[in-house]
Protein chains: 2
Amino acid sequence: MTDYNKILESAGLRPTDAREAVLGALYRIGRPASHGEVAEALKGQLDRVTIYRNLYLLEEARLAHKVQGVDGKWRFCAHDPDVVGCPGDHPHFLCLSCGKMICLLGQTLPHVDVPDGVKVQGKQLVVYGLCPECSRDRQK
Amino acid sequence: MTDYNKILESAGLRPTDAREAVLGALYRIGRPASHGEVAEALKGQLDRVTIYRNLYLLEEARLAHKVQGVDGKWRFCAHDPDVVGCPGDHPHFLCLSCGKMICLLGQTLPHVDVPDGVKVQGKQLVVYGLCPECSRDRQK
DNA sequence: TTCCTAATGCAACCGAGTTGCATTTTGAGG
DNA sequence: CCTCAAAATGCAACTCGGTTGCATTAGGAA
């Protein structure tokens, strides 16, 4: 079992039970997970607000990156602690039917020209549609 | 004054006062506008629900395209009636401070490889940060 | 052990978007 | 110019993801 507390401490975060649980849930899910998915994985053992705050904290501490799907929900994806740089710099796919999001690794986001004076803080490329499972279910 | 009713009819939509007002507001704003921006432009002359429904209808009728900003709000942008094809196929910039979104014309969305079996229905590339005005204001 | 700070839980709130339904408007047919 | 069914609108209530304020609890340095 991975020592999540070590990871939390090395990122400058106080290792608490809640924090450990949230980070563990993200690792276990293994793809960008919404607050709801994390809450479900933790079976109500934590308050919703605590989950929200810790997801936000993990992202601030660069232990996870976040992407928003076209359903308006933010999803958080835990980084492999050995990965260097911002691992969120790739497109994501969102299934509109089941709500699962997956990272499209191995591809990078294109450079985008912006008007003079614009200060870019980030960008995200979201592809949406039906995942293989949901696509198959629809045809039946 | 443009004849919005003509445009509506040619798109197969019944030309009503509300429809004309919403389409006119989108043209006047000239950039992707959220429901709130449209409502403000119309100064409460229409019910919020009517605006929502007509924005959705305009998009279905291909008179506008919609993009979602990282603030979770959908924004609708009226097409020039003479433009052919889907005019939403370009990146968008969202100012996190004032909430204004602008189309980054002249650039196209990259091709994205997706896993086998995935059915793509659309994609969007959103760049976010501070627009020139807000960027300037922050420095003061 | 003490004590201050950070973290958590709880309740209430916010705002974008949606739904159901009664009322009004539209326009085709007479 | 009427009639009438279908479409559009307005209103109220609701859903749900996310946020805020505040009292309580846990963490960890002295």
Side-chain angles (χ1 to χ4, degrees), chain A residues 4-6 8-25 32-61 63-64 66-76 94 96 99-101 126, chain B residues 4-6 8-25 32-61 63-64 66-76 94 96 99-101 126:
Chain A
Y4 298 128
N5 284 342
K6 277 255 173 59
L8 288 168
E9 282 183 331
S10 69
L13 292 180
R14 222 188 241 194
T16 67
D17 289 354
R19 225 101 92 180
E20 190 182 5
V22 171
L23 184 60
S34 64
H35 166 269
E37 290 175 289
V38 173
E40 192 182 359
L42 296 177
K43 284 284 173 201
Q45 78 185 77
L46 291 179
D47 188 80
R48 341 187 288 118
V49 181
T50 302
I51 298 177
Y52 274 118
R53 289 197 270 230
N54 279 315
L55 284 173
Y56 184 74
L57 246 90
L58 291 175
E59 196 252 336
E60 284 238 298
L63 288 177
K66 67 176 201 283
V67 196
Q68 192 189 46
V70 287
D71 57 359
K73 299 180 198 169
W74 284 99
R75 286 169 175 77
F76 297 78
L94 176 69
L96 298 180
K100 282 200 185 107
M101 179 178 275
V126 178
Chain B
Y4 299 128
N5 284 343
K6 278 253 173 57
L8 288 169
E9 283 183 331
S10 68
L13 292 179
R14 223 187 238 193
T16 66
D17 291 353
R19 225 100 93 180
E20 190 181 6
V22 170
L23 183 60
S34 64
H35 166 270
E37 289 174 291
V38 173
E40 191 182 2
L42 296 177
K43 283 287 172 200
Q45 80 185 73
L46 291 179
D47 187 80
R48 336 185 295 114
V49 181
T50 303
I51 298 176
Y52 274 118
R53 289 197 269 232
N54 279 316
L55 285 173
Y56 184 75
L57 247 91
L58 292 175
E59 196 253 335
E60 284 238 298
L63 290 176
K66 67 176 200 283
V67 197
Q68 192 189 43
V70 286
D71 56 358
K73 297 181 198 167
W74 283 98
R75 285 170 175 76
F76 296 79
L94 175 69
L96 298 181
K100 280 200 186 108
M101 179 179 275
V126 178

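In what follows, chains are A, B, ... by sequence order, proteins preceding strands, each numbered from 1.
- For the pair Gln68(A) CD and dG17(C) P, the interatomic distance rounds to 11 Å; values are reported in whole Å.
- If you check every strand for non-hydrogen atoms under 4.0 Å, Arg53(A) touches a base.
- Proximity note for Arg14(B) (side chain, C-beta onward) versus dG17(D), dT8(C), dG27(C): the nearest is dG27(C).
- Ile51(B) and Ala39(B) get closest at one heavy-atom pair: CD1-CA, 3.7 Å.
- For Thr16(B), taking side-chain heavy atoms from C-beta onward, the closest of the listed nucleotides dT9(D), dT8(C), dG28(D) is dT9(D).
- Taking 4.5 Å as the limit, every side-chain heavy atom of Val38(A) sits out of range of all side-chain heavy atoms of Leu46(A).
- Residue-environment remark: CD (Glu9(A)) exceeds the threshold of 12 foreign heavy atoms within 6.0 Å.
- In this structure, Gln45(A) atom CD and dG9(C) atom C1' are separated by 14 Å, rounded to whole Å.
- To the nearest 0.5 Å, atom CG of residue Leu94(B) and atom CZ of residue Arg75(B) are 5.0 Å apart.
- Residue Asp17(A) is classed as having no contact, given no heavy-atom separation below 4.0 Å to the nucleic acid.
- Contact annotation: Arg19(A) side-chain N/O to dA7(C) OP1/OP2 distance is under 4.0 Å.
- Side chain of Asn54(B), nearest nucleotide from dT9(D), dT18(C), dC11(D): dT9(D).
- Secondary-structure annotation of DNA chain D gives the stems C:1-30 with D:1-30, with a stem taken as at least 3 successive Watson-Crick or G-U pairs whose two distances both fall under 3.5 Å.
- Among dG18(D), dG9(C), dT9(D), the nucleotide with an atom closest to any side-chain atom of Tyr52(A) is dG18(D).
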